[in-house]
Amino acid sequence: MTDQIAFPPLHDPHPGELERRKQHLLSEITREPGKAWRLLPEFTIPRFRLRVVVPIVAAAALAVGLSVAFIPQSSTNPIGGGGGNAVHGLMLTPDTGVIGPSSVIRASLDYQPVPDTSASLQLQVKRVAFPPGTDPNTFDPNSEPSQVVFQETVPMHVQATTVTGPGDWGYLASWSGTLSVSDWTGGCQSNSIYTINAVVLDANGGGRGSSGSRWLMCSG
Amino acid sequence: MAIVGNLDVGSGHEKSVEPSDGDLWARSRTGDAEAFGLLFDRHARLIYNYCFRRVGSRETAQDLLSMVFLEAWRRRDKGLPADKVLPWLYGIATNVVRHQHRSERRYAAALRRLPAPDAQPDFAGTSDEHVDYERQARTALSLLEQLPSGEQDVFVLCAGMELSYEDAALALGVPIGTVRSRLSRARARLMELDSASGHKNGESTIQEESQP
């Protein structure tokens, strides 16, 4: 014998609603990936505050975009370094260097060249805890062991470009998306600092370059 | 209560040439929007109904449906067994419902771009029917909300949407044993609640039926 709550029967939404939703879905997923400045207000501002906040955020985003257009990272083949025709490294919006437990960080990265039309991006968030008694102001996170608290590999959008690279690889790989701090193991811990690393992988899983964020402090 | 669990997928001949969920998912992972659209055609109705049963509002469930598939597309790097696409979508739907406000923030822009619906006559009978569905869903939710969230998830997936224990475990990312124990506790608790309230009202909100 089994028991059940009396759920309403399966039914269709409003007439034509599934088709309308499908067309909307297809238009959304085939949208050209936008630049961070264009998507910033869409992902962070509640609808009812848009009219007030958009101009402020747009100005701030423009300032961030101008000042943090290029973030070279330490790696064997850094994006943004001199090893290739990289367009820009990992960009974070907002890029205040401070995160909170419910922060949602907009991130984007462009990379060139990749050898074919398939590329993916391995994202990794690392946490370094302050040893007890450490002064955060003098703490060197690179000398301490780190823990991976989030990892995900996402496909990149690859398109042909007129700029060619080694072997005439005229392909530009782009990615933009969001990272939610609440998805990270352990969330945001005030006794730790965090960094986001991104590695561009080709179709064979080979690393082509990497980029990373600055160290992020946790607040709240 | 008998619940029909799956959409009609056509005649036997059509079925034999129809790509499997696994094929469509593999194509979706390479960025094939058309394949993803076919997965939407195949599973949207069930996901909508699942969301409806979790929130009790038709309008909200429709928006949640959009968010579930947008989220699935965002996570399309996920490798899935061929027959587990639907359970995985249920898992996404569960998270989207649970973190509804966060999901709404994430996809607010996309939802704002949803075109206005064409003006269509809403026949009185259909409208009344949906009002009844919403009332029924809210009654069910008032009981469900007295359970821990993990038990709510398992109960709606297994008892409401007729997922197997294995598929529910995949959807929720928990061991099968956890699904069994949560379902068992949920049923026991619901029976207690029903006997407490049903005896007063003389009407039971819990339906009992023989298991085949």
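Residue numbering restarts at 1 for every chain, and letters A, B, ... go by the order of the sequence lines.
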Chain A contact via [X] - which portion, at a heavy-atom distance below 4.5 Å:
X        : answer
B:Phe52  : side chain
B:Tyr133 : both
B:Arg102 : side chain
B:Leu141 : neither

How long is the gap from [atom1] on [X] to [atom2] on [Y], to the nearest 0.5 Å?
X       : Y        : atom1 : atom2 : result
B:Ser66 : A:Arg20  : OG    : CZ    : 8.0 Å
B:His99 : A:Ser180 : NE2   : OG    : 10.0 Å
B:Asp77 : A:Met156 : CG    : CE    : 13.0 Å
B:Lys78 : A:Thr153 : NZ    : OG1   : 11.5 Å
B:Phe40 : A:Leu18  : CZ    : CG    : 5.5 Å
A:Leu10 : B:Arg45  : CG    : CZ    : 5.5 Å

I need the minimum non-hydrogen distance between [X] and [Y], along with the two atoms involved.
X        : Y        : result
B:Gln136 : A:Pro9   : OE1-CD, 3.9 Å
B:Gly37  : A:Leu26  : CA-CD2, 4.0 Å
B:Tyr48  : A:Asp12  : CE2-C, 4.1 Å
A:Pro13  : B:Arg58  : C-NH2, 3.4 Å
A:Phe7   : B:Ala140 : CD2-CB, 4.3 Å

Check whether any side-chain heavy atom of A:Glu28 lies under 4.5 Å from a side-chain heavy atom of B:Leu114, and answer yes or no. no

Does any non-hydrogen side-chain atom of A:Thr30 lie less than 4.5 Å from one of B:Phe36? no

If you count heavy-atom pairs under 4.5 Å between each of B:Ala137, B:Pro115, B:Ala110 and chain A, which one has the most?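 Of the options given, most contacts go to B:Ala110.
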
Under 3.5 Å: donor-acceptor pair, side chain of B:Gln62, backbone of A:His14: yes

Using a strict cut-off of less than 4.0 Å between a Lys/Arg side-chain nitrogen and an Asp/Glu carboxylate oxygen, indicate whether A:Arg21 and B:Asp63 qualify as a salt bridge. yes

With a 4.5 angstrom heavy-atom cut-off, is it the side chain or the backbone of A:Ile29 that approaches chain B, or both, or neither?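 Backbone plus side chain of A:Ile29, per the 4.5 Å heavy-atom cut-off to chain B.
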
Can you tell me which of A:His24, A:Lys22, A:His11 forms the most heavy-atom pairs within a distance under 4.5 Å of chain B? A:His11

